[in-house]
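First comes the structure, then the notes that go with it.
We count residues from 1, following the sequence as given.
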Amino acid sequence: MERLCYFLGFLLLAARLPLDSAKRFHDALGNEGLPGYVREHNQLDGWSSDENEWNEKLYPVWKRGDEKCKNSWKGGCVKAVLTSDSPALVGSNITFVVNLVFPRCQKEDADGNIVYEKNCRNETGLSTDPYVYNWTAWSEDSDWGNGSGQSHHHVFPDGKPFPHHHGWKKWNFVYVFHTLGQYDQKLGRCSARVSLNTANVTLGPQLMQATVYRRHRRTYVPIAQVKDVYVVTDQIPVFVTMSQKNNRNASDETFLKDLPITFDVLIHDPSHFLNESAIDYKWNFGDNTGLFVSNNHSLNHTYVLNGTFSLNLTVQAAVPGPCPPPSPRPPQPTSSATTLKSYSNAPGRAGDDSLEQSESLDENCQIYRYGHFKATITIVEGILEVNIIQMTNVLMPMPQPDHALIDFVVTCLGTIPTEVCTIVSDPTCQVAESAICDPVQVGNTCLLTVRRAFGRSGTYCVNLTLGDDTSLALTSTMISVPGRDPASPLRLANGALISVGCLALFVTAIALLVFKKHKEYKPIESSPGKVVKSKGLNVFLNRAKVVFFPGNQEKDPLLKNKPGIL
């Protein structure tokens with residue numbers, strides 16, 4: 001009997017040896033976790049236990065101390081970047097994405113092969129071989145590309161065959177995701193993603209690990225391993241953006257008095273878990289205005305006093321879900337009155353049986369989830385409004401032919417500005433042509449004149465901004481700068497000078513002609529006759545001057561210093 005027991009024990013030991021010697025997923029992927037990490041977890045939908053066997057012959061395992069990058073990839077090391085849309089509300093889905101970063105000058109082409117980028121020089125210079133890994137050629141030399149797909153190396157580490165979806169032969173990377181004592185495996189290209197439902201995930205931070213293998217003919221080579229922490233919470237992840245007109249910097253949580261602040265609530269719900277939920281927003285702005293309840297994610301509020309205020313927001317979501325099983329009820333006494341009451345379904349008189357019936361018919365109940373947001377904001381004085389009340393062309397004593405000056409008269413409400421900025425743009429107000437900022441000094445009343453030059457005619461969009469330490473107030477206007485008028489003062493002066501010159505030449509010519517004609521008929525007489533004729537000529541010239549130059553002769557500048565002459 002004793003020998004029989006020894007023999008049975010030997011058989012049991014021999015039967016267990018293959019199980020003990022087989023590599024498990026948790027051994028191949030490692031047992032590292034967060035502090036307080038517990039391996040016992042509820043089953044994740046679609047995931048497998050890491051107690052399953054790992055095919056170490058087909059998928060070699062990196063051992064501690066190995067130079068993991070050495071000989072794993074041609075040209076250097078491949079890096080894996082793991083991201084997620086954490087945090088996730090319990091019950092929702094969380095998605096993880098792994099992206100591979102290849103060594104310099106390497107990329108994946110349309111056929112899934114890894115090739116060198118054209119005209120890219122790495123540490124070894126330009127490569128003559130266009131391929132880093134030509135998996136298409138490997139497929140032609142093996143049974144990878146045949147239609148059967150029954151090869152023993154077309155499987156994952158646990159032996160499950162690859163899914164033969166469209167284009168699967170171009171997917172040459174195997175991704176193994178591992179978390180909470182369970183794993184999922186994917187066939188992909190240079191990127192892969194996986195999702196899990198968090199209904200059975202313990203609240204708090206958790207660890208996700210991804211291990212990546214590349215195909216090497218009929219085996220697989222580990223190339224990268226990466227870890228990332230994700231968070232599962234029963235609180236709705238809530239973020240609030242605050243914006244206000246004329247506020248110079250909203251990020252410092254300082255806002256202006258007497259102007260509405262827009263509060264916009266953003267709920268982090270990438271898997272749309274709350275789409276069918278009724279959501280209420282309960283606001284307390286901390287200024288003794290009471291509690292505001294709204295079903296709109298956006299709300300405006302105006303503070304009318306300066307100071308510091310505590311903002312509190314509570315978000316409540318009624319999430320549809322299955323009802324829990326009804327709790328057992330104690331047996332009811334059997335009496336005629338009770339029996340009649342149980343069958344009375346009159347309004348307001350429903351009995352216990354009707355209540356139980358209503359609970360059984362209502363297959364959906366509501367689970368309430370809450371989110372909270374708090375902030376401390378400061379309210380100060382600022383520039384509330386700015387207006388252009390007048391625009392005037394500036395007339396200069398000596399105008400510039402290529403410039404026009406325009407004065408903008410500006411008023412504002414609120415605090416006194418310390419600077420003014422002008423941006424001149426095209427008529428669409430999209431393309432800025434010039435921008436000028438100047439300090440200003442204004443008295444107790446906000447009234448100032450801004451002068452700006454325009455180099456050419458046309459239509460412009462002008463933005464005027466008044467600012468101080470906490471606020472910026474903007475106003476815009478369209479102006480049209482005309483071309484130079486031919487009747488401008490400069491051209492009028494030039495025209496007058498030209499006319500006077502022509503008239504002088506004309507008078508000179510007439511005088512010469514008259515003098516020449518008179519000289520032809522002048523007889524040769526004695527000296528007294530010369531005097532008479534000379535006086536006659538002077539009289540004639542004076543009369544011609546009166547005709548061509550009418551007016552008071554006392555306006556002649558030459559007469560100003562001779563007051564005695566009439």
Side-chain angles (χ1 to χ4, degrees), residues 241-252 254-262 264 300 302 379-494:
T241 62
M242 296 175 281
S243 60
Q244 184 186 42
K245 179 184 176 182
N246 296 354
N247 187 21
R248 186 155 197 159
N249 183 13
S251 62
D252 61 1
T254 299
F255 299 92
L256 309 180
K257 189 186 75 169
D258 296 329
L259 283 180
I261 306 173
T262 300
D264 195 11
N300 291 339
T302 302
I379 304 299
V380 298
E381 300 280 352
I383 305 172
L384 305 181
E385 185 180 348
V386 58
N387 293 292
I388 300 174
I389 63 173
Q390 185 178 354
M391 294 183 293
T392 306
N393 289 323
V394 180
L395 298 179
M396 294 176 293
M398 295 295 293
Q400 299 282 338
D402 297 331
H403 291 83
L405 294 181
I406 297 180
D407 281 347
F408 299 88
V409 181
V410 182
T411 63
C412 65
L413 297 178
T415 59
I416 303 301
T418 58
E419 67 175 357
V420 57
C421 293
T422 308
I423 300 177
V424 179
S425 307
D426 69 330
T428 65
C429 298
Q430 300 295 322
V431 181
E433 297 185 2
S434 64
I436 301 175
C437 289
D438 297 312
V440 296
Q441 294 181 354
V442 184
N444 296 329
T445 303
C446 181
L447 178 64
L448 67 153
T449 300
V450 181
R451 175 171 294 181
R452 289 294 177 256
F454 297 85
R456 61 181 183 275
S457 62
T459 302
Y460 297 93
C461 174
V462 179
N463 293 332
L464 280 173
T465 303
L466 302 182
D468 59 11
D469 293 338
T470 58
S471 58
L472 285 175
L474 169 70
T475 186
S476 300
T477 187
M478 298 290 293
I479 66 169
S480 179
V481 178
R484 283 302 181 187
D485 190 353
S488 64
L490 181 63
R491 296 196 175 186
L492 287 177
N494 293 336

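- Of all the heavy atoms in A473 and N246, the pair that sits closest is CA-OD1, 3.7 Å.
- Taking 4.5 Å as the limit, every side-chain heavy atom of N249 sits out of range of all side-chain heavy atoms of T254.
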Might you work through the side-chain hydrogen bond (donor to acceptor under 3.5 Å, both in side chains) test for T415 and D468, ending with a clear yes or no? CA-CA 8 Å; T415 59; D468 59 11; 2.8 Å; yes

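- The distance from atom CD1 of I436 to atom OG1 of T422, rounded to the nearest 0.5 Å, is 6.5 Å.
- Looking at every heavy atom in both residues, S425 comes nearest to A432 through OG-CA, 3.7 Å.
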Worked verdict on V409 versus L447 for side-chain contact (heavy atoms from CB on, under 4.5 Å): CA-CA 7 Å; V409 181; L447 178 64; 3.8 Å; yes

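- Looking at C446 and P417, their side chains come closer than 4.5 Å, going by heavy atoms from C-beta outward.
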Stepwise salt bridge (Lys or Arg N to Asp or Glu O under 4.0 Å) test for R451 and D438: CA-CA 11 Å; R451 175 171 294 181; D438 297 312; over 6 Å; no

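- What you find for V450 and V420 is that their closest heavy atoms are CG2-CG2, 3.9 Å.
- Between the side chain of Q244 and the main chain of A250, no donor-acceptor pair closer than 3.5 Å is present.
- L466 contributes atom CG, which lies 6.0 Å from atom CG of L448 (distance to the nearest 0.5 angstrom).
- Residues V424 and R452 fail the side-chain proximity criterion, which asks for heavy atoms closer than 4.5 Å.
- Side-chain contact between V462 and F454 is present, with heavy atoms from C-beta onward closer than 4.5 Å.
- Between F255 and V380 there is no side-chain heavy-atom pair separated by less than 4.5 Å.
- With 3.5 Å as the limit, one finds no donor-acceptor pair spanning the side chains of T470 and R248.
- Side-chain polar atoms of T411 and N387 form no donor-acceptor pair below 3.5 angstrom.
- Summarising the geometry, atom CG belonging to D264 is positioned 11.5 Å from atom CE belonging to M242; distances are rounded to the nearest 0.5 Å.
- Inter-residue side-chain proximity for M391 and T477 is flagged as met; some heavy-atom pair is nearer than 4.5 Å.
- In this structure, the separation between CG on L405 and CG on L395 is 10.0 Å, given to the nearest 0.5 Å.
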Apply the test side-chain hydrogen bond (donor to acceptor under 3.5 Å, both in side chains) to residues D407 and T449: give CA-CA distance (whole Å), side-chain angles for both, the deciding distance (0.1 Å), then the verdict. CA-CA 6 Å; D407 281 347; T449 300; over 6 Å; no

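- Nearest approach of T459 to S480, heavy atoms of both residues: OG1-OG, 4.1 Å.
- Between the OH atom in Y460 and the CD1 atom in I406 there is a gap of 9.5 Å [rounded to 0.5 Å].
- For the atom pair CD1 (I261) and OG1 (T302), the distance works out to 7.5 Å, reported to the nearest 0.5 Å.
- In this structure the side chain of V410 never reaches within 4.5 angstrom of the side chain of C412, judged on heavy atoms.
- Contact of the L472 side chain with the L474 side chain is not registered, since no non-hydrogen atoms from C-beta on lie closer than 4.5 Å.
- A pairwise comparison of heavy atoms in I416 and T445 identifies CD1-C, 4.3 Å as the closest pair.
- S471 contributes no side-chain N or O that, together with a main-chain N or O of L384, makes up a donor-acceptor pair within less than 3.5 Å.
- Closest approach of L259 and K245 over heavy atoms only: CD1-O, 3.4 Å.
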Yes or no on side-chain contact (heavy atoms from CB on, under 4.5 Å) for L413 and I383, after CA distance, side-chain angles and deciding distance? CA-CA 6 Å; L413 297 178; I383 305 172; over 6 Å; no

